[in-house]
Amino acid sequence: MQQQGRSRSEFVREALVRYMEECEWRRLLQYGERRAREQGIGPEDVMSLVEEYRAEVSSQRT
């Protein structure tokens, strides 16, 4: 730890922050998967939905 110029406390703090961020991403992923199932959206639908969203955002900018 000292080799990286950080104290043990800084190292632990960074590890906890990363862990909490990872937990939040997992919760968001689970939420998204649940909502997709509820709406009947499958993996095969993702690309067309992304393209549709991008087209919508692009049209709003111009």
Side-chain angles (χ1 to χ4, degrees):
M1 285 175 267
Q2 293 296 334
Q3 295 169 344
Q4 296 177 343
R6 292 184 283 175
S7 69
R8 182 175 295 158
S9 294
E10 290 172 313
F11 182 77
V12 170
R13 186 177 11 261
E14 182 180 325
L16 285 172
V17 167
R18 287 184 183 196
Y19 173 77
M20 291 168 42
E21 289 172 347
E22 185 177 322
C23 288
E24 180 65 17
W25 276 112
R26 268 194 234 121
R27 281 192 293 271
L28 287 170
L29 179 59
Q30 290 171 347
Y31 171 79
E33 289 173 341
R34 186 179 73 245
R35 295 287 293 156
R37 277 193 305 278
E38 290 170 357
Q39 295 180 17
I41 298 170
E44 66 280 358
D45 303 314
V46 172
M47 284 309 298
S48 62
L49 290 169
V50 168
E51 290 171 7
E52 182 181 315
Y53 173 77
R54 287 178 178 164
E56 183 180 317
V57 168
S58 177
S59 69
Q60 291 175 356
R61 290 182 184 165
T62 56

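Screening residues 22-36 for salt bridge (charged side-chain N to carboxylate O under 4.0 Å, His left out), with sequence neighbours left out, gives Glu22-Arg26, Glu24-Arg27, Arg34-Glu38, Arg35-Glu38. Pairs passing the salt bridge (charged side-chain N to carboxylate O under 4.0 Å, His left out) check and including a residue from residues 43-62, sequence neighbours excluded, do not occur.
Cluster note: Met47 groups with no other residue, as no ILVMFWY side-chain heavy atom lies under 4.5 Å from it. Applying the 4.5 Å side-chain rule to ILVMFWY residues, one finds Leu28 in the same cluster as Trp25.
Residues passing the salt bridge (charged side-chain N to carboxylate O under 4.0 Å, His left out) test with Glu10: none are found, sequence neighbours excluded. Partners of Arg37 by salt bridge (charged side-chain N to carboxylate O under 4.0 Å, His left out), not counting sequence neighbours: none found.
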